[in-house]
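Before any comments, here is the structure.
For reference, positions follow the sequence shown, starting with 1.
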Amino acid sequence: MITKSKTIDKFHVWTVGCQMNIADSQRVDVGLKRLGLDEEKNIEEADIIVLNTCVVRQSAEDTATGLLGKLAKQKRKKSTYICVTGCMVESTTKSLAQRFPHVDLWAKPQDTPKIIENIADYLNLSSDGCVENLIPEKSKFAEFVPIVQGCDKFCTFCVIPYRRGRETSKPSNQLFEEIKTLVDNGTKEVTLLGQNVDSYGHDLNPKKDLSDLMYLINDIPDLKRIRFLTSHPNDMSLRLIRTINDLPKVCRSINLPFQAGSNRILANMRRGYTRDQFLRKIDQIKTIVPEATITTDLIVGFPGETERDFEDSLDILNRVKFDKVHVAAYSERKGTFAFRQIDDDIPMEEKRIRLNTVNQLQDKIQKKLNSKYLNKEFDVLVEGKNRDMYFGRTEGDKLVYLDDLDEKFIGEIIKTLIIDYSPYSLNAEKI
């Protein structure tokens, strides 16, 4: 622990990675403000710095380690307390502590109480009342709500189960109160989060499922929209699909990763399903919820992926015609089964070619899909302003840019008419 040379009262929380990290950082922010600290937008001016990291992709890890290098120089110039949390933090932190000796605290993902309590101790403050129910007094109109932490799937390419642990669900009554409080504080839309959100409740006693939770919170007055991320094909049940169709507040927007179109690659990934099983699940969704927008995740260049295997993935894209594809080139992640047992034998140049091929195909698919929205009306939740354009999202999670609005519409759901489109977004005017 470093020696304080002055009163420390400014903090900065830096976040990279998934929506779960965003939600975790928000709770750290609430806890630090309860300690009486002020938020500092400029990390170079902060006295307390919390880095919430991601290692799912190499680029995210490189960004975090690069920033840690800069903070070492900053710490030599001024008294700074540095905490690192998120998926960069392994079960043992000995090697991390040796590599980054200037870090004062390493905290596993979701270990917010540890962060708040250690910073309180450092500042000679009491953390009593600062680590429970970390919900902001003034909520955003759209909030992320973690409902199940960790993952039990152990895909060979993924480090999440080793960093976030096994699946642990929050009790539904606790989630109801948390979401009701958010709504009372101004929230209109919640996104239920989990590394594998469809597995919610299997570890509770008595057992619950995601449908049970959706029915429970659907009755909260003034809650307008319910979203959920991220699903797994093996846990997307018929009951859940029917719930999406039946409950008016649940958005007809589903993210269902397929990761690879080849049965051989799927088996090597240990995904637990075949391409035909995945396609049958898509058929179920389109039959029961015909207006659903469907997005997916895809990895190209997984070890051993032949040109034929890659063509199988392109075939899935052409068959399903997803509304959006989050595609990434495979990169080795230390600690995974693939890192230990499978040679990364696809050249980076080939991975880039396959990545570009997917993006070019998907651009054509998305442009055609978005063309059908022209001259149609949609309710849009206005989220903010980017440069000179206001933006928001439809129930189907389509990004919409809006002309001729002002700030009073931010956080409101308005009726719009779509007047233009691109592969990535829609343009609309307020009706």
Side-chain angles (χ1 to χ4, degrees), residues 189-192 197-198 209-215 217-218 223-259 261 273-298 313-326 361-381 392-400 413-428 431:
E189 173 184 297
V190 294
T191 300
L192 309 178
V197 73
D198 299 347
D209 63 18
L210 185 55
S211 291
D212 293 325
L213 180 60
M214 286 178 170
Y215 271 96
I217 66 174
N218 188 74
L223 176 62
K224 303 299 184 183
R225 289 179 173 178
I226 301 169
R227 300 189 187 276
F228 61 105
L229 288 171
T230 294
S231 297
H232 190 286
N234 287 352
D235 295 316
M236 174 66 69
S237 67
L238 273 174
R239 184 184 183 221
L240 178 58
I241 298 171
R242 291 181 179 127
T243 298
I244 296 167
N245 185 66
D246 293 344
L247 288 182
K249 293 182 181 180
V250 177
C251 295
R252 276 71 169 165
S253 176
I254 299 170
N255 177 256
L256 195 66
F258 76 99
Q259 302 296 12
Y273 53 84
T274 66
R275 60 178 280 121
D276 287 343
Q277 288 171 330
F278 179 84
L279 289 170
R280 284 198 293 273
K281 188 67 65 176
I282 293 293
D283 287 341
Q284 289 176 344
I285 293 170
K286 290 187 174 183
T287 299
I288 298 172
V289 196
E291 72 276 26
T293 56
I294 306 174
T295 62
T296 197
D297 296 356
L298 170 63
S313 292
L314 295 180
D315 179 65
I316 296 281
L317 298 179
N318 278 308
R319 286 187 185 212
V320 177
K321 293 181 170 47
F322 296 98
D323 287 84
K324 185 185 293 183
V325 175
H326 306 281
L361 171 62
Q362 192 58 30
D363 280 357
K364 295 177 182 177
I365 292 172
Q366 289 178 198
K367 186 173 184 180
K368 187 173 182 179
L369 288 174
N370 285 348
S371 68
K372 69 182 181 182
Y373 297 109
L374 190 63
N375 298 321
K376 293 188 176 180
E377 298 179 6
F378 289 93
D379 289 340
V380 173
L381 175 58
R393 294 186 183 274
T394 67
E395 180 190 333
D397 204 33
K398 292 289 184 178
L399 177 62
V400 180
I413 296 176
I414 64 172
K415 289 191 177 297
T416 69
L417 177 70
I418 306 302
I419 59 175
D420 200 2
Y421 64 90
S422 75
Y424 319 107
S425 63
L426 307 171
N427 284 74
I431 296 177

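- Considering CD1 of Ile282 and NZ of Lys286, their distance stands at 6.5 Å, rounded to 0.5 Å.
- Residues forming a side chain to side chain donor-acceptor pair (under 3.5 Å) with Ser211 (at least two apart in sequence, or on another chain): Thr243.
- A heavy-atom distance below 4.5 Å is not found between the side chains of Arg393 and Val400.
- Counting heavy atoms from C-beta outward, Val289 and Glu291 have side chains that approach closer than 4.5 Å.
- Distance OG1/Thr295 to NE2/His326: 4.5 Å, rounded to 0.5 Å.
- Considering every non-hydrogen atom in both Arg275 and Gly261, the closest pair reads NH1-O, 2.6 Å.
- The number of heavy-atom neighbours closer than 6.0 Å to NZ of Lys321, taken from other residues, nucleotides and ligands shown, is above 12.
- Scanning all heavy atoms of the two residues, the minimum distance from Leu223 to Ile226 falls at CD2-CG1, 3.9 Å.
- The main-chain N or O of Pro233 is never found under 3.5 Å from a side-chain atom of Gln277 such that the two would form a donor-acceptor pair.
- For Tyr373 and Tyr421, the gap between ring centers reaches or exceeds 6.0 Å.
- When all heavy atoms of Ser253 and Glu395 are compared, the closest pair comes out as CB-O, 3.9 Å.
- The two atoms that bring Leu256 and Thr296 nearest to each other are O-OG1, 2.8 Å, heavy atoms only.
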*Please step through side chain to side chain contact (heavy atoms under 4.5 Å, CB included) for the pair Asp397 and Asn255, ending with a clear verdict.*
CA-CA 10 Å; Asp397 204 33; Asn255 177 256; over 6 Å; no
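- Counting all heavy atoms, side chain and backbone alike, Thr394 lies closest to Phe378 at CG2-CB, 4.0 Å.
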_As a quick check of understanding, evaluate side chain to side chain contact (heavy atoms under 4.5 Å, CB included) for Phe322 and Ile316, giving each step before the final call._
CA-CA 9 Å; Phe322 296 98; Ile316 296 281; 4.0 Å; yes
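- Asp420 CG to Ser371 OG: the interatomic distance, rounded to the nearest 0.5 Å, is 11.5 Å.
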*Given Lys415 and Glu377, is the salt bridge (Lys or Arg N to Asp or Glu O under 4.0 Å) satisfied, shown in steps?*
CA-CA 7 Å; Lys415 289 191 177 297; Glu377 298 179 6; 5.8 Å; no
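- Classified by interplanar angle (parallel below 30°, tilted 30° to 60°, perpendicular above 60°), the ring pair Phe278/Phe258 is tilted.
- Rounded to the nearest 0.5 Å, atoms CG (Leu369) and CD (Gln366) are 7.5 Å apart.
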*asked:* With salt bridge (Lys or Arg N to Asp or Glu O under 4.0 Å) as the criterion, how do Asp246 and Arg239 come out once you've worked through the C-alpha distance, each side chain's angles and the decisive distance to 0.1 Å?
replied: CA-CA 10 Å; Asp246 293 344; Arg239 184 184 183 221; over 6 Å; no
*May I have the step-by-step check of side chain to side chain contact (heavy atoms under 4.5 Å, CB included) for Lys281 and Ile241, ending in yes or no?*
CA-CA 10 Å; Lys281 188 67 65 176; Ile241 298 171; 4.3 Å; yes
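- Of the residues Ile254, Val197, Asp198, the one that meets the side-chain contact (heavy atoms from CB on, under 4.5 Å) test with Leu240 is Asp198.
- We find the CD1-CG distance between Ile217 and Leu213 to be 5.0 Å, quoted to the nearest 0.5 Å.
- Pairing each heavy atom of Ser231 with each of Met236, the nearest pair is OG-CE, 3.4 Å.
- Asn427 contributes atom CG, which lies 10.5 Å from atom CG of Leu374 (distance to the nearest 0.5 angstrom).
- You'll find the side chain of Asp379 reaches within 4.5 Å of the side chain of Arg225, heavy atoms only.
- In this structure, Thr230 and Pro257 have side chains that are in contact, with non-hydrogen atoms separated by less than 4.5 Å.
- No side-chain donor-acceptor contact under 3.5 Å links Asn318 to the backbone of Asp315.
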*Please assess Arg252 against Thr293 for the test side chain to side chain contact (heavy atoms under 4.5 Å, CB included), listing each intermediate value before the final yes or no.*
CA-CA 6 Å; Arg252 276 71 169 165; Thr293 56; over 6 Å; no
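- Panel note: side chain Asn370, backbone Ser422; a donor-acceptor pair is recorded below 3.5 Å.
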